[in-house]
Each structure stands twice: as structure tokens, then as C-alpha cells.
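To keep things clear, I will list the structure first and then write my remarks on it.
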Amino acid sequence: MCGIFGIVCHGEARGDPAFARRAAEVLMTVSEVRGKEATGLALRTGREIRVFKSAGRASTVAKGQPFRRFLESAFGARANGPTTEPLVFIGHSRLVTNGYRSFDDNNQPVVTERAVGVHNGIVVEHEALARRHGLSLATDVDSEVIFRLIDARLERERTLPRAIGAAFSEISGVANIAMLSSDHETLDLATNNGSIYLQEDKAKRTLVFASESHLLRRALDLLGLGGAGGEAIRHVAAGHGASVSLTDGVVTHYPLGSPPANTEPRSPKPLTIVWRRPSREAMRRCTRCILPGTFPGITFDASGVCSVCASHDPRQLHGREALERLVAPHRSKDGSADCIVAFSGGRDSSYGLHYLKRELGMNPIAYTFDWGMVTDIARRNISRLCETLKVEHLLRSPDIPAKRRYIRKNIEAWLHRPELGMIPLFMAGDKQFYHYGRRVRQETGIPLVFFCAGNPLERTEFKSGFCGVREAQHGQVLWKYSIGNKLRLATYYLAQYIKNPRYLNASLADTLFAFYSTYVERDDFAYLYHYIPWDEQLIDRTLVDEYGWESAASSSSSWRIGDGTAAFYNYIYHSIAGFSEHDTFRSNQVRAGLLDRGEALRQAEIDNRPRWDAMQEYAALVGFNLEEALVVINNAPKLYDRT
């Protein structure tokens, strides 16, 4: 079971930020024995209730910069001079029972429209209870239904204790709560099994509560409370509540079955509840496209137009005639294979295979490098197209268990020291796609090899940008990076390996091979989308209508569904930098005149929704704990804190 705790201080210490910080850290740390998976705090200051919550054990979170910044912001006004307001906060140490702790909505305090609350216990069949009362739950955590019920009951009951009592009459399972209402001048406690203890220090005009008497006693000792002026620790008995006035500190105890008729009146002006971390919504974005200020190397002019838009030079396609001239000398007259198509099972290569076979009349052989991260959806789509088009399929596959082990080791190294420029290392094992493409050409004797890439809308130069490299105009042919850029990349990676020796693992040889295959070994493939326009609607319609092409239920877009790593690394970019590949893709569509800015923002918001199922599958294949990884990612410093 979880731990709940809190304080109401009307004495001199109420205006002392140092005491407030100490009280928060002591109560959080003392209570973590009841749950080390997440923690949170709701602090009333001025006309606001500010909320912080985070995955991780309280003693670690309390020392972290995000929590310290939260306290500095919350107590900033108090530091400017004396205050007559009481110091009030409630907190929670979580033992997870329902809902991922890595998704902060599921952590506590629970936030509703009218209340902020913490809960210890388990509400049995909470979803059925919510349905019975027509309540909409925004999280997976069972605790939410308690505070939703109280909100709903406040519409009918005259007082908050009556609303709490009515809600508790509906609950099945253990419930111990503390809550702050946005429109009541009270801190309210309630329990149906007696796991709340409180102590009043009359001399220092302070009340402290916790889930266990010995935890409360330890906290009081550390805070120097509960001495000569303190009453004995009091047990809030099962089936009882306690309402603490924030006006004068008076405590009213009552049975939940017969709450008092008269309690603290409602506030004339409801408080504002603020709990979100620094918001991506506040990021500065280009007024033409949607790239944010966290994009590597970006600048904005006086009109707010970004440097990427200002330097945008639409690439001219070679065109269909040039493509015809390229393939004509190779086109077979007897139906034998005349070209090779690199086929990942994604939408670009699927349409490319269709185009070369059906539109150009070529007789391709499909080639796939399956390194263990080609998704099952992609494999099924490969099967669909090869069967329908009657295309031979060549498969090259390395030691997949070893490849997945390399990914795991590099993810573990990255989690030890998160650095956005090192994320491509998770995909290094895929880069031998180029090398084996050259090998297949030699083995078959077919010189013409198509890679269905080069689509300018899918440029993701920010990945090398986080390495301090500004990508040249190389048409997404990575071999054409300038010598200077290749050296900068190598230097960056070397520096990161020195700073984080965990990268010096069994994957090193594979990673060096990937770098060689991508940036050193000569690339003279034909890139289909250097010749023909890339039309998303046409591509999707053709694949679905003609081949029954399958998309991912968890994705709003057909892009990257063949890549098992994409959901995870895009979550990292979006969480830490505030944008992902989807933002760059939509921005490129805006520059190409295919999308207006408003629609791009809307689509990117949908695209960036976490694909939990895909991430779970990825973690299971690679062999790492997704929850532990998400805790690190979500607690990592955010670039949009600084923009």
C-alpha cells in the first residue's frame, strides 16, 4: 500500500522557505518505505495549488533538479517577505497497483477539475464504479474514481465532508485520502480502515499527518515538532474523517456516516490547480512551419520564421524521363530479373516495388536485411507484395539474438548518461543494410539497385544535429556527407565513449561496421524518390487498395510502422526535446505546400502520442525493462525548460 502525508502550519515557520523545503523532503523520504516507485506533492500557495509528481523513489526525486525547481517556483513568493498564509501541502509515496508509473498522469496526487488528492489503498472494480456513476476517468489509476465521485457529489451535497462521506459509501476496498479542494478553505482527511495518524503542535500551530504512527513520529523528530507544546499522536479511526481549517487550523473530526452540517465555507474565488511540468506548448515555434526552438542550430528572424525555412531550397526531382533513361538499358526482354529493390516492408519501399514492377515494367528482385527489428507487420506486408507481384525475395539476416543484445547494451549505456546525439546508436545494427545490398548485387550480377529513399519530406537532420553536425545537402545519401562532417561525427562519438565507458561493450565492432557501411563504403545505388514525387495519399491508397497493405493500430500514420525501434526513439526525442521525426516530417510538408501550419500542428500532436504497445513489444524483444527506461527518460532534463 502507498503512503500519504502532509502538513498545515499557521505558526512562524509558515513563512520560512527553508522549513517548508525541509518538511517536504522529510515527509517524502520518511514515507517512501510504503512505496518507492513514484512520489508527488501538492502545495497550496497564494491562489494556486501547485502539483509535482514523478516516477522514482522519493529520496532520489527530492534531490533532483526538477523537484528543486518546483519548490523554488512555489516558494518564490514567500521568500519576498512575511506571509499570513498557512504552509499547506499533501504528498504521496507510491506502490504501483494500477497504471504505469512512467506515465505521470497515473502518479499522485490525483488532479480533477475541483480537487487535488492522495490515496492509500485499492478501490476494487473502480472502472465499474465509474461507469455506474457516468464518470470519465483520465488515467489508469484506481484512486482517480474517489476524487471524481467527490466532485460529482459536491453538486448535490451542501458541504465537502458530506460529499466525502457519500463517496466513501460507494467505495469497495481500502481508502485513506487527503485532499485539497479548489473552492474550500480546508485540508480534508478520510479513512475507511484507519491508516491515518495526525499530531498537532499547539505552540508552533502546526499539524502533520502520515499513514503510520511511527513514520509520523520519526518525521516530527526530524522536524523538531511535537515537543512540549505537542499533543499525543491521534489516530483517525476507521470510518472517520477530519477537516482541517486553513483559516485558523481548527480540526473537526467526524464519522463519515454522519458528517457535520457546518464546515468551512467555500472560497469566493476558486483556486487554480497547476501540475504540469514545463510545457511543450510554451516552446517557441516557427511561424511558417512547426519546428521548435529546441531543434539543433535553429534560429528565428524578426518575423519568427526559422532558419530552416529561410534556407529551404526545394530540390528539383530528376523526373520520370530521367528514370526511364536510367532503367532502359537494364530492362529485360525475357522476364528475367533486371534490378534489385531494397525492401524493408515500410510504405516507401512497398510503393517503390509496386512502381518499378507495375509502372515501369521492370522485373525486380526484392532484398530485405532483417536484423531483428523489422516488425511483424512489415514482414506480413513484404509477403503480401511479393506474392501479388510475383517477385522473388532475397533475405539476409545476421545473428538476431546478438543484434538485440547489442541494442540492449547500448540502451543501458544511454540510460546511464542520456545524450540525444547517441540515440542513433540504437539503430546502428540496421546500417549494414547498405553493405549487404552491395553484396547482393555482386552475388546476382544485377548492377541496378534501387533504394526507395531520398524523399525530402523524411529528412531527419536533427539526429546528427544533436551531435553538433549541420547536415549538408546530400539528398539523404549518407555516404555523401562531407569529410568534415564525417570527422565531426566520429569525434563526437569518440568523446561520448570516453565520457560513458559503458558504450565500450560487445556491440562496438558491430557499431564500427555500421559506421563504415554508412559513411565510408561507396554508395552508388539509385534512389527512387530522387526521380518521382512522393505523394502520401497516393502511396497509402495504392498499397491498401491493391495489396491489402496493413498498418499499425497504435499509429496514426503509416510512416515507420515497419521499424520496431521508431516508437521508442521518437518517444525519447519528444519527451526530452519536445519534438520528434513527426514534427520534422510535418514541417517539410508545410514547406512543400502539402499542408497548412495549423493542420501540421494538429497532425503532429496526434502522431506524437506514445505508442505504448509498440514500445512494450520492442522492450520485450530487446530485453530491457521499459518502465525503468521511461522513468529515466521522463526525469531527464528537458530542452524546452531552457527555451
Side-chain angles (χ1 to χ4, degrees), residues 69 276-317 419-421 423-424 454-478 480-489 491-492 529-530 533-536 557 559 569-570 572-608 636-643:
R69 282 197 298 269
R276 296 286 179 182
R277 289 182 175 185
S279 174
R280 301 179 189 91
E281 305 306 317
M283 290 190 303
R284 183 180 188 183
R285 288 185 184 266
C286 176
T287 55
R288 183 175 298 169
C289 71
I290 64 170
L291 290 185
T294 54
F295 190 89
I298 200 169
T299 58
F300 299 94
D301 65 18
S303 301
V305 176
C306 75
S307 50
V308 180
C309 283
S311 62
H312 177 61
D313 182 16
R315 195 187 70 221
Q316 298 300 314
L317 296 175
E419 180 74 28
L420 291 179
I423 291 175
N455 171 17
L457 300 179
E458 295 180 359
R459 287 177 61 90
T460 55
E461 61 264 42
F462 67 87
K463 295 176 184 176
S464 57
F466 283 123
C467 302
V469 173
R470 301 294 171 257
E471 186 175 324
Q473 294 295 322
H474 52 62
Q476 294 174 276
V477 180
L478 301 184
K480 292 185 179 180
Y481 259 57
S482 68
I483 295 296
N485 276 343
K486 292 177 184 179
L487 290 174
R488 290 184 189 94
L489 274 177
T491 301
Y492 170 83
Y529 295 106
H530 287 177
W534 188 91
D535 185 329
E536 183 174 23
S557 169
W559 191 33
Y569 70 68
N570 274 318
I572 297 176
Y573 285 127
H574 189 245
S575 174
I576 296 177
F579 74 93
S580 72
E581 288 180 324
H582 300 295
D583 298 75
T584 61
F585 178 71
R586 299 302 178 187
S587 291
N588 288 331
Q589 285 186 305
V590 171
R591 291 188 204 99
L594 302 175
L595 212 60
D596 65 52
R597 186 177 183 276
E599 181 62 14
L601 282 169
R602 191 186 73 81
Q603 289 289 347
E605 182 180 359
I606 296 171
D607 296 339
N608 282 320
K638 307 298 187 254
L639 299 188
Y640 42 88
D641 284 3
R642 302 174 237 163
T643 59

Whether Ser580 side chain and Tyr573 backbone form a donor-acceptor pair below 3.5 Å: no
Spacing of Cys286 atom SG and Asp301 atom CG [to the nearest 0.5 Å]: 8.0 Å
Any donor-acceptor pair under 3.5 Å from Ser587 side chain to Ile290 backbone: yes
message: In the structure I gave you, are the side-chain heavy atoms of Arg285 and Phe295 within less than 4.5 Å of one another anywhere?
response: no
- prompt: Does any non-hydrogen side-chain atom of Tyr529 lie less than 4.5 Å from one of Glu458?
  reply: no
- prompt: Is the backbone of Glu581 close enough, under 3.5 Å, to the side chain of Asn570 for a donor and an acceptor to pair up by distance?
  reply: yes
task: Evaluate the ring planes of Phe466 and Phe579, with Trp represented by its six-membered ring, and classify them as parallel (under 30°), tilted (30 to 60°) or perpendicular (over 60°).
output: parallel
- prompt: Looking only at heavy atoms, what is the nearest atom pair of His582 and Asp607, with distance?
  reply: CG-CB, 3.4 Å
- request: Could you check Ile576 against Thr294 for side-chain contact (heavy atoms from CB on, under 4.5 Å), going step by step and ending with a plain yes or no?
  value: CA-CA 9 Å; Ile576 296 177; Thr294 54; over 6 Å; no
task: Using modelled atom types only, decide if a donor and an acceptor are shared between the side chain of Ser464 and the backbone of Glu461 within a distance under 3.5 Å.
output: yes
- prompt: Thinking salt bridges, do Glu605 and Arg602 make one under a 4.0 Å N-O criterion?
  reply: no
For Thr491, side-chain contact (heavy atoms from CB on, under 4.5 Å) partners two or more places apart: none
- prompt: Could you give the distance from OG1 (Thr460) to CG (Asp583), rounded to the nearest 0.5 Å?
  reply: 12.5 Å
message: Show the nearest heavy-atom pair for residues Met283 and Pro292, with the distance to one decimal.
response: CE-CB, 3.8 Å
- prompt: CD1/Ile298 to SG/Cys309 distance, rounded to the nearest 0.5 angstrom?
  reply: 7.5 Å
message: Would the distance check show the side chain of Thr287 and the main-chain N or O of Ser303 forming a donor-acceptor pair, the cut-off being under 3.5 Å?
response: yes
- request: Please assess Glu536 against Gln589 for the test side chain to side chain donor-acceptor pair (under 3.5 Å), listing each intermediate value before the final yes or no.
  value: CA-CA 10 Å; Glu536 183 174 23; Gln589 285 186 305; 3.1 Å; yes
message: Could you check whether any side-chain N or O of Tyr640 sits under 3.5 Å from a backbone N or O of Arg284, counting only pairs where one atom can act as donor and the other as acceptor?
response: no
task: Tell me, please, which residues at least two apart from Ala592 pass side-chain contact (heavy atoms from CB on, under 4.5 Å).
output: Leu457, Leu594
task: Given side-chain contact (heavy atoms from CB on, under 4.5 Å), test Arg591 with Val308 step by step and report yes or no.
output: CA-CA 10 Å; Arg591 291 188 204 99; Val308 180; 3.3 Å; yes
message: Using 0.5 Å steps for rounding, measure from the OG1 atom of Thr584 to the NZ atom of Lys463.
response: 8.0 Å
query: At their closest point, which heavy atom of Gln603 faces which heavy atom of Arg586, and how far apart are they?
result: CB-NE, 3.6 Å
field: Reported SG-to-CG distance for the pair Cys289 and Leu595, which is rounded to 0.5 angstrom
entry: 11.5 Å
